Number of protein chains: 2
Amino acid sequence: MRAPKETFSYPYPHPAVTTDVVVFTIRDERLSILLVKRANPPHQGEWALPGGFLAIDEDLDACAARELREETGISGVYLEQLYTFGATHRDPRERVISVTYYALVPQDALATPRAASDAADVGWHPFEKLPDLAFDHADIIAMAHQRLVAKLDYSTIAFQFMPEVFTLSELQCVYEVLLNQSLDKRNFRKRILSLELIEETGKLRRSGKHRPAREYRVKHPKRVEIIK
Amino acid sequence: MRAPKETFSYPYPHPAVTTDVVVFTIRDERLSILLVKRANPPHQGEWALPGGFLAIDEDLDACAARELREETGISGVYLEQLYTFGATHRDPRERVISVTYYALVPQDALATPRAASDAADVGWHPFEKLPDLAFDHADIIAMAHQRLVAKLDYSTIAFQFMPEVFTLSELQCVYEVLLNQSLDKRNFRKRILSLELIEETGKLRRSGKHRPAREYRVKHPKRVEIIK
DNA sequence: TTGACAAGGTGTACGGACGACACTATGTTA
DNA sequence: TAACATAGTGTCGTCCGTACACCTTGTCAA
């Protein structure tokens, strides 16, 4: 962070614009969110979403991706604009408009994200027991969660949580965690396979003292399709 | 518009923030959008969405509602945030982030919206044959239309197009226009009535030389519910 | 007055999708 | 080789969505 010597002037007051990102993953069969502990005021020492100020020549999507990469080391993941929060006093420093995003990262990636310069700490927190959050970030998370669950129903967004290869049981587990209910194994498999979006790798996954499971992969891993 | 004497300075460059609104209605059995002709540069003389700069102490929703009221005289209608557009060169003057909204207005309201000071003209344009538009407003309209059609399926948003009392044939016509396909009368009525969201007024609508239709009203006109 | 007109209003039957439900298969390990 | 633990599989009933045609009722003109 450099200390600028010049200032930037406008005939009318301008708000600051930031992006903030709600990063979801599934860890230990729990939906979890990535938070950073703020190293500086305001809300110093409190947990917050990764995010920061928009550069003047930077696209919004690029800003969200950059902040995510800088503050947590995560990149190349599914990232979608969520909503723009702009209540007048949501930031005590000045008027700040936050264009929020949500991201989905596979289970195995980034077991321990790294903390950046302006973050005292970075860590995964189960959605069910989040700490108190800075600014209006709890509202942002609530909306992101609502959107995520809604999209499960009519898109293939859940595959964004999966690693490159996975078993049907693992996939079912992801759906069960997100929907917070158990699903019938036969119906689940019937529905997923009928979408014809995943294919067998031909290999088997051996783990524990039981029958090995077939491994699958997503045919088009980056694509999120609307179904039904 | 006053000419300010002071200027506003920041240690880092700040973008300007605007709201723009896509106003839909149904006129003469066509989906139509309200556009204003720009009185000032840039894009002077071109058609654009109603909208304008965010006041520094104004909430985003309030800004969208105010701009809509000031530029077109419309108020009290359904208004929902759509998406935030922020490509770096979408406005030639300076960096501008636009938080966009869409609004739905009943068929009969505002047959002739009034033009405001910074608009040379205001008028309804059929969605199927829009003129060339200023900035990236064509993209904004495309996204608003997509959202509107998607919401038809899983919400009661279509009622926002209806006047206080209406007939089932009129309601069906709205759905047919939005979905761009004709619907079976019996199935349509069965589905709508099973929602139990509208009730008979007890009156009949006489028009033309045929059997009069029953009038209905929405039980909770301001509410947009998620169905299914 | 009556008959033609034009839109309003109504019920049934079929097919497909979804949900409930229980047992066999297979590799591991003791 | 037997117990264990998870993998993997098919049927049947129900409900919902869709297809489909005729009678009703007020108006208007002859």
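Owing to the predicted nature of the structure, the values given are computational and were not obtained by experimental measurement. Chain A is the first sequence line, chain B the second, and so forth, proteins listed ahead of strands; every chain is numbered from 1. We use all heavy atoms of the structure for the numbers below, so side chains are in, but hydrogens, waters and symmetry mates are not.
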Legend entry - Atom pair distance, as rounded to whole Å: CD in B:Glu170 and C1' in C:dG8: 13 Å
Inset, instruction - Calculate the interatomic distance between A:Phe188 atom CZ and D:dT9 atom C1'; express it in whole Å. - result: 16 Å
Inset, instruction - Take the angle between the ring planes of B:Tyr175 and B:Phe188 and call it parallel below 30°, perpendicular above 60°, tilted in between. - result: perpendicular
Legend entry - B:Arg205 bridged to B:Glu215 by N-O distance under 4.0 Å: yes
Inset, instruction - Output all residues satisfying side chain to side chain donor-acceptor pair (under 3.5 Å) with A:Arg186, sequence neighbours left out; order by chain, then residue number. - result: none
Legend entry - B:Glu199 side-chain N/O to B:Lys219 backbone N/O, donor-acceptor pair under 3.5 Å: no
Legend entry - Nucleotide-resolved protein contact map, nucleotides 15-20 of chain C, B/S/- at heavy-atom distance under 4.0 Å: ----BB
Legend entry - Option passing side chain to side chain contact (heavy atoms under 4.5 Å, CB included) with B:Leu133 (candidates B:Leu49, B:Ile33, B:Leu35, B:Ile140): B:Leu35
Inset, instruction - Could you check how far CD of B:Gln172 sits from C1' of C:dG8, rounded to whole Å? - result: 11 Å
Inset, instruction - Taking only Lys NZ, Arg NE, NH1 and NH2, and the carboxylate oxygens of Asp or Glu, determine whether B:Arg217 and B:Glu164 approach each other closer than 4.0 Å. - result: no
Inset, instruction - Could you check how far CG of B:Leu171 sits from P of C:dG9, rounded to whole Å? - result: 12 Å
Inset, instruction - Strictly below 4.0 Å, heavy-atom distances to any atom of DNA chain C: list the hits from residues 197-214 of chain A, or just say none. - result: A:Arg206, A:Gly208, A:Lys209, A:His210, A:Arg211, A:Pro212
Inset, instruction - Quickly work out the B:Arg189 CZ to D:dT18 C1' distance and round it to whole Å. - result: 17 Å
Legend entry - A:Lys185 NZ to D:dG10 P, straight-line distance once rounded to whole Å: 14 Å
Legend entry - B:Phe85 and B:Tyr83 aromatic ring geometry - parallel, tilted or perpendicular at 30°/60° bounds: perpendicular
Inset, instruction - Would you please classify the geometry between the A:Tyr102 ring and the A:Phe24 ring as parallel, tilted or perpendicular, with 30° and 60° separating the classes? - result: perpendicular
Legend entry - C:dA7 phosphate, OP1 or OP2, under 4.0 Å from B:Ser169 side-chain N/O: no
